[in-house]
Structures are given as structure tokens and as C-alpha cells.
Amino acid sequence: MYNAAITGTGLYTPPNSISNDELVESFNAFVNEFNQANSAAIERGEMEALQASSSAFIEKASGIKSRYVVDKAGILDPQRMRPSIPERSNEEPSVLCEMAVHAAKQALQNSGKEIADIDGVIVACSNLQRAYPAVSVEVQSALGIKGFGFDMNVACSSATFGLQTALDLVKAGTARSILLLNPEVCSAHLNFRDRDSHFIFGDVCTAIVIERQDLMTVSTYYEVVSAKLATEFSNNIRNNFGFMNRCAPDAESEKNPDKLFVQQGRKVFKEVSPMVANLIVEHLAANDLSPADLRRMWLHQANLNMNLLIAKRVLGRDVTPDEAPVILDEYANTSSAGSIIAFHKYRDDMAAGDVGVICSFGAGYSVGSVIVKKHVR
Ligand code: COA
């Protein structure tokens, strides 16, 4: 068995940002148009009028102020309300591959690794662009990496479950180092016509290099003390899109909103928050650590109030942004990438010996906790 460490991270942020005000203006234009077009039926009581959205609600309920997206114009067009992403030929890199390559190059650079040092690529994300071939194999080819690649999907917990998988591969000696990528084009599965959730997601890609400690060349690294994963089935976050949709006798069902992201936000909040806090506390105890030993928590970035509650349950007191950094205000929920963006942006100020936890949670339900310790040599 070898010891494994995180030696590099990377982040690709799409160039287009949408503010709450811009998103709400487009949503409300759609609502007005719909209500006008259906005014007679609404007056007869045969149909309910749609309600407007508001920036103030979005920020208060979620903490989200803006989100980055692959395509802005298509989302904000009230006639379209979904990103406009042209299909590409088989000879061109896929969108996910392109994002992953950007993030990968940064992670490789700050881990001091060459392409030849990487033995495997894992693409772990909520939404894979196609059925096959695996996006990871495409990324592997684009970067010229030998070895192997495979894709994983554990929704919002894809990155932490991918980290555990990469660790196991490195510890067992199957690979000297693994490049883990989390390309998330969440805007493509978001129903921008749904008032309850149209503001939730953004697009991004994160990358991590996990490697054998005896082969590291960097002076700063993060020992992975332990990882712990848990899942518990729930329908409260669900997307029924899949390859069998076209087989349903009712051809129209393919277009139903359940083929996009759907959630019972209140239930998720209530059920997942204690599950996550308990898992972190148990995980720390199993490693002879107490919550007071934590310098920082890089939590999944779905909802600010949820993160404040989880952190408070773990520490037994209110937390500061320094203890549990927030990136969802700028990025919104980027599914599996959220906790890794926080880790990428908020780790340089940690001192040698500081301990932190990267924690994801989401559909499944799924929860992943990864305890890391900073080392400087
Ligand atoms: N604009 C204005 N008002 C809105 C609105 C919008 N876009 N969407 C909902 N509202 C209204 C509702 O109609 C409701 O009004 P009422 O009280 O008069 O009935 C009120 O705001 C509260 O709605 P609710 O859905 O209960 O909001 P909430 O406080 O639970 O916040 C979420 C909604 C989704 C932000 C929140 O539940 C959440 O983030 N949950 C966790 C989700 C999560 O982490 N998911 C993981 C995904 S990976």
C-alpha cells in the first residue's frame, strides 16, 4: 500500500455570468407572456396564472447572487430558456472534454506533474454528455495520457466519490497518479421555466491530481487522512432523463419536466442537513479528531442557509466564512464541483498541520466526507 495525497487542483470558469436580476427579468417576461396568452382560461379558472420570480427571494432563500454558464443568450431568451449549445462533429472535442482539458492543465501545472506521470483519468460529474465512449477516454486522448479512463456519476457527490476511487487506485498501486475531473454543465438539465428552481445551478469544471506521496515533487500537499462515503435512496432530487425515454409509448413524455432536474427543496434541506453533519462528526471521531480540530470545511455549495446549519451542527456554534468558505454566491450550485471550487480557492492560507474536510451532498441521497491535512516540506 502507498500513501496518497492531493498535490494539485484546477478550475475552469465559463466566461459568461448571469446575475439574479438578469435571470428574473427573463423569467418574468416568460410569465407575463404565458399569462397573457392564457388569460381567458385563467379567468375561467381552468388554469392557474404563473407567478413572478424575484431576486430578493433568490438571494434570501439560497445565498446565490450569480452563476457562470456555457451559454447566456439562449438561457435569457424568454422564447427559449435553455442554453444554446450547437452539436459538434465527432472530430471536435465535446463540450465536457474541452472544459475538463482547461481545468486539467491547471491542476497538472500546480502539481508539478507531466502528462507521462498520469496513469488514469476519472471524469466524475452529474451529467455525462453522451452514453459512450466515456468522456474520460476522450480527455485522456486530448491530453495524450497513457493508461485508462472511466466515467462516474454520483450526482452532487461525484467529486468526493471520485476522490475515494482515485485514492484507492493510487494506494493499491494500480496507478501512480490519477487526474480527477468534474465538468458540470448544470444549465443544460435545469428547467429555467420552473420558478422554484430556475436560479439554482451554474456551469464549471474542477480538476484534482491525486498521487503517490513517494513520487511527489511539490513542496505543499494535502495528505488524505481518510474518506467516508454514504448513500440512502430518496426521490427528493431526481431527473428521469435516460436512454429508455424514447421507448415510452407516449412520445410526448420525453418532453415532460421530470426529464430535467426536479427537487423537493424543503425536504432535501431538512433530511440532508442532519445526515451530513452526523457523518462529518462520526468521520472525525473515527480518525481521533474532534470538530474543534478542523481549520476549515469546504462544503458542497447548494444553499448558504444549509451550509450554515450543517457547519453549526458540526462545530456547536456559528461559523465564520473563513471556517466554511462560500463560493455559491458567485457560482451558484455547480453540483459535484462546488466543494472542490471552495477547496481550490481557499486553501493557500492554511498552515502546515492544519486539518480540513471536503464534504459533498446531494441526489441519491449521497454524502462524501474527505479529511485532508496540509503539509509543507
Ligand atoms: N421567487 C419568489 N418567490 C418564490 C420563488 C421565486 N423564484 N420560488 C418560490 N417562491 C416562494 C414560494 O411560492 C413560497 O411562497 P409561500 O410561502 O407564499 O408559499 C416561498 O417562496 C417559499 O418557498 P420554498 O420552496 O419553501 O422556499 P425555500 O425557503 O425552501 O427555498 C430552496 C427553496 C430550493 C432554495 C431551498 O429549499 C433549498 O435550497 N433546499 C436545498 C436544496 C438542495 O440543496 N438541493 C441539492 C441540489 S443538488
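Order of appearance sets the numbers: ligands from 1, and atoms from 1 within every ligand. For the numbers below, each heavy atom of this structure counts, side chains included, while hydrogens, waters and symmetry mates do not.
Here D322 pairs with R295 in a salt bridge; the nearest charged N to carboxylate O distance falls below 4.0 Å.
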Write none if no such pair exists; otherwise list each N/O atom of ligand 1 with its protein N/O partner under 3.5 Å and the distance.
{"residue": "ligand 1", "atom": "1 (N)", "partner": "S54", "partner atom": "N", "Å": "3.2"}
{"residue": "ligand 1", "atom": "3 (N)", "partner": "R195", "partner atom": "NH2", "Å": "3.1"}
{"residue": "ligand 1", "atom": "7 (N)", "partner": "S53", "partner atom": "OG", "Å": "2.9"}
{"residue": "ligand 1", "atom": "7 (N)", "partner": "R195", "partner atom": "O", "Å": "2.9"}
{"residue": "ligand 1", "atom": "13 (O)", "partner": "R195", "partner atom": "NH1", "Å": "3.0"}
{"residue": "ligand 1", "atom": "26 (O)", "partner": "R266", "partner atom": "NE", "Å": "3.3"}
{"residue": "ligand 1", "atom": "26 (O)", "partner": "R266", "partner atom": "NH2", "Å": "3.4"}
{"residue": "ligand 1", "atom": "29 (O)", "partner": "R266", "partner atom": "NH2", "Å": "3.0"}
{"residue": "ligand 1", "atom": "30 (O)", "partner": "R266", "partner atom": "NE", "Å": "2.7"}
{"residue": "ligand 1", "atom": "37 (O)", "partner": "G265", "partner atom": "O", "Å": "3.3"}
{"residue": "ligand 1", "atom": "39 (O)", "partner": "N303", "partner atom": "ND2", "Å": "2.6"}
{"residue": "ligand 1", "atom": "40 (N)", "partner": "G265", "partner atom": "O", "Å": "3.0"}
{"residue": "ligand 1", "atom": "45 (N)", "partner": "Q263", "partner atom": "OE1", "Å": "2.8"}

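Using a 4.5 Å heavy-atom threshold, the side chains of L229 and V154 count as separate.
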If you look only at distance, which donor and acceptor atoms sit under 3.5 Å apart when one is on a side chain in residues 52-61 and the other is two or more places apart or in another chain?
{"residue": "S53", "atom": "OG", "partner": "H198", "partner atom": "NE2", "Å": "2.8"}
{"residue": "S54", "atom": "OG", "partner": "F57", "partner atom": "N", "Å": "3.0"}
{"residue": "S55", "atom": "OG", "partner": "D21", "partner atom": "N", "Å": "3.4"}
{"residue": "S55", "atom": "OG", "partner": "D21", "partner atom": "OD1", "Å": "2.5"}

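The aromatic rings of Y221 and H375 sit parallel, their planes meeting at an angle under 30°, below the 60° perpendicular limit. Ring planes of H102 and Y12: parallel class, angle under 30° (limits at 30 and 60°).
Ring-centre distance between F27 and F192: not below the 6.0 Å cut-off.
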